[in-house]
There are 2 protein chains.
Amino acid sequence: MKPPRSSKNDVFLRYKLWLSAVSGEGIIGEGKYKLLRMIEKLGSLKAAAESLGVSYRKAWGDIKESEELLGYDLTEKTRGGVGGGNSVLTSKAKNLLEAYDALHKKMDNAIEDAYDDFKKKIS
Amino acid sequence: MKPPRSSKNDVFLRYKLWLSAVSGEGIIGEGKYKLLRMIEKLGSLKAAAESLGVSYRKAWGDIKESEELLGYDLTEKTRGGVGGGNSVLTSKAKNLLEAYDALHKKMDNAIEDAYDDFKKKIS
DNA sequence: AGTCGATATGTTATCTACTTCATATCGGTG
DNA sequence: CACCGATATGAAGTAGATAACATATCGACT
């Protein structure tokens, strides 16, 4: 018989990766990454927050916190006008997202390499 | 003047790595790793929990949860007797810790490699 | 047989992060 | 120039995680 593809005791590796300030606060991780990408896509913080199922209050606070920690803006905000306002990514934000992508890719490769070895050891 | 070694806007990368069940619960990560290593060192769950500044209740629950998820014991428990009882690691637990160590080392290397590249990109 | 200290486990309180609510501000467009 | 909808921000309510508290159980040693 062939082995089951997964069992009750199946396990796998997970990891979180983030950029942090010396003070410990997270500047960008999975959550803020997704939020920024969604702002890029939708052109609005409100729409981005809603589409991710996170409160506007938190999304707004997250962006603000990151910007304060980094010392530069990640989004260019507009109030009033057509549609009430909007948010678009700054070029620095886009740059940061690119760098985060590359980093994540490298770590994904590393963990994939280490995974088989790990499973062999614990089985 | 020479540049400061660190500034207000200094940032660095951090990551967490853990073994997870399909259901999502963590089987072993930094916390349980430290707890198990401390049990190994001190020979008691109570002493280990206290030395790590975590409540006995939580430490006990953590170990139990991991054991249930893995389907095997990580500690051999004794009640009564000299000293009131004790906990020692099973060989499977030691094995798991070894594998976790190796994995972490690999990831540490990977992140170190990626770090300079990342910083160059975002600065 | 009684003592002692660790394991074992339910119950209640506290902490903290996030959501909800409330309210103000801005400015292009009709 | 009033209106609308997004940004901006304080304040209060909620839920999930952890700590604190309370008790029971076990068994070698005296």
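Throughout, a chain's letter reflects where its sequence line sits, starting with A, and its residues are numbered from 1.
Less than 4.0 Å separates DNA chain D from no heavy atom of any residue of residues 87-96 of chain B. Contacts with DNA chain D (heavy atom under 4.0 Å) in residues 38-59 of chain A: S44(A), L45(A), K46(A), Y56(A), R57(A), listed by number.
Each of T78(B) and V82(A) lies near DNA chain C, and the nucleotide nearest T78(B) is the one positioned closer to the 5' end. Mapping D62(B) and K64(A) onto DNA chain D via the closest heavy atom, the residue that lands nearer the 5' end is K64(A).
Applying the side chain to side chain contact (heavy atoms under 4.5 Å, CB included) test to S91(B) and every residue at least two apart in sequence or in another chain returns nothing. Among residues two or more places apart in sequence or in another chain, the side chain to side chain donor-acceptor pair (under 3.5 Å) test is passed with D117(A) by K121(A), K106(B). Residues satisfying the side chain to side chain donor-acceptor pair (under 3.5 Å) criterion with S44(A), sequence neighbours excluded, are absent altogether. The ring-ring contact (aromatic ring centres under 6.0 Å, His included) search around F118(B) returns none, not counting sequence neighbours.
Rounded to whole angstrom, the span from the NZ atom of K77(B) across to the P atom of dG5(C) amounts to 23 Å. The nearest whole Å value for the distance from the NZ atom in K32(A) to the C1' atom in dC18(C) is 13 Å. Distance CD (E65(B)) to C1' (dT18(D)): 13 Å, rounded to an integer number of Å. Protein atom CG of N86(A) is 15 Å distant from nucleotide atom C1' of dC4(D), rounded to whole Å.
Every pair passing salt bridge (charged side-chain N to carboxylate O under 4.0 Å, His left out) that includes a residue from residues 90-102 of chain B is listed here, sequence neighbours excluded: R37(B)-E98(B), R37(B)-D101(B). Note on residues 80-90 of chain A: no pairs pass side-chain hydrogen bond (donor to acceptor under 3.5 Å, both in side chains), not counting sequence neighbours. Listed by first then second residue, pairs satisfying ring pair (Phe, Tyr, Trp, His ring centres under 6.0 Å) with a partner in residues 23-44 of chain B read Y33(B)-Y100(B), not counting sequence neighbours.
You'll find the ring centres of H104(A) and Y15(B) outside the 6.0 Å limit.
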Solution key, residues 57-64 of chain B side-chain donor-acceptor pairs under 3.5 Å, sequence neighbours excluded:
residue: K58(B); atom: NZ; partner: D62(B); partner atom: OD1; Å: 3.2
residue: K58(B); atom: NZ; partner: D62(B); partner atom: OD2; Å: 2.8

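The two atoms that bring K46(A) and Y56(A) nearest to each other are CA-CD1, 3.7 Å, heavy atoms only.
One distance of note links CG of L69(A) with OG of S20(A); it measures 8.5 Å at 0.5 Å rounding. Here the CG-CG distance, from L89(A) to L97(A), works out to 6.0 Å after rounding to the nearest 0.5 Å.
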Taking only N/O atoms, report every protein-nucleotides 23-26 of chain D pair under 3.5 Å with atom names and distance.
residue: dC26(D); atom: O2; partner: G80(B); partner atom: N; Å: 3.1

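Between W60(A) and dT7(D), a side-chain N or O to OP1/OP2 separation shorter than 4.0 Å is absent.
End-to-end axis angle for the helix from dA1(C)-dT30(D) to dG30(C)-dC1(D), using five pairs per end and rounding to 10°, comes out at 10°.
Heavy-atom neighbours of E76(A) CD from other residues, nucleotides or ligands within 6.0 Å: at or below the threshold of 12.
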